[in-house]
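One-based numbering, in listed order, for ligands and for the atoms of each. As the structure is a prediction and not an experimental result, all values here were calculated from the model.
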Amino acid sequence: MLKANIAVLVSGGGTNLQALIDAERSGIITSGSIKLVVANNSKAYALERAKNAGIDTAIVLKSQLGSQEAFERELIRVLDEANTDLIVLAGFMSILSADFTNHYKDRIINVHPSLIPSFCGKGFYGLRVHEAALEYGVKVSGATVHFVNEIPDGGKIIMQKAVEIQEGDTPEVLQKRIMEQAEWKILPLSCEKICSLIVKEKN
Ligand code: GAR
């Protein structure tokens with residue numbers, strides 16, 4: 001196997017997906033290739049980003065499938081059909097069951113917009129994470145990339161990067177700084193790191 005097949009799961013704007021696409025183009029990611037983008041929201045702008053980059057897309061809706069079990073069964077079907085080696089959760093706003101995470105043990109990574117174990121777990125996603133950090137009054141926050149297991153944001157940490165909070169920060173301003181200075185850097189680097197391990201393992 002020359003490269004690991006990457007599938008990226010998204011729900012929204014997809015700036016982290018864009019960082020991965022750009023990293024593959026610029027040669028930061030060389031051990032993997034993005035083969036599929038799966039959204040759980042048909043309006044996700046991330047789908048446009050994938051199409052613009054010529055990457056296959058799929059939409060899997062829990063509302064149409066009726067249950068978490070059926071939703072995950074369909075996810076597994078599309079991911080396996082694309083021979084996925086690594087699943088990257090990039091702003092994917094749905095908690096996956098132990099059945100799903102066990103099925104892809106050590107093959108799912110996630111980016112979270114705080115320094116885990118702060119401001120993470122159930123209920124901490126998107127802007128809420130930054131609201132909580134500002135409310136608490138921490139002076140440093142950041143981002144974490146970690147393996148995904150059955151505990152929300154509880155899997156082994158792969159990379160972290162700290163970002164300073166500045167006087168007058170709003171959740172939106174902080175979110176943007178953490179994306180620019182941390183998420184968009186450590187997600188592609190982590191992706192390359194894990195893909196290179198997968199490729200070595202399979203050869
Ligand atoms: C990112 O900040 C990501 O870390 C966060 O949502 C945003 C998605 O932005 N994810 C979580 O909070 C997961 N718990 P994007 O769609 O532009 O990549």
Enumerated ligand 1 atoms positioned under 4.0 Å from heavy atoms of M179: 1 (C), 2 (O), 9 (O), 17 (O)

Check: D22/Q18 side-chain N/O donor and acceptor closer than 3.5 Å: yes

K176 with E172: basic N within carboxylate O range, under 4.0 Å: no

contact_flag M93 ligand 1 heavy-atom lt 4.0 Å: yes

Contact atoms of ligand 1, heavy-atom distance to G126 under 4.0 Å: 11 (C), 12 (O)

Heavy atom of F124, distance to ligand 1 below 4.0 Å: yes

Side chains of E192 and T30, donor plus acceptor under 3.5 Å: yes

Polar contact flag for N16 and ligand 1 (N/O pairs, less than 3.5 Å): yes

Joint cluster assignment, V8 & I109, ILVMFWY side-chain distance < 4.5 Å: yes

Where ligand 1 meets H112 - atom numbers and elements under 4.0 angstrom, heavy-atom basis: 14 (N)

Ion pair check, R128 and E131, cut-off under 4.0 Å: no

Carboxylate-amine/guanidinium proximity below 4.0 Å for K3 and D85: no

Option whose closest heavy atom lies nearest to atom 16 (O) of ligand 1, chosen from G91, G12, G14: G14

N or O pair under 3.5 Å between T15 and ligand 1: yes

Pairwise distance CZ(R49) to CG(N16) - rounded to 0.5 angstrom: 9.5 Å

Any N or O of E183 closer than 3.5 Å to N or O of ligand 1: yes

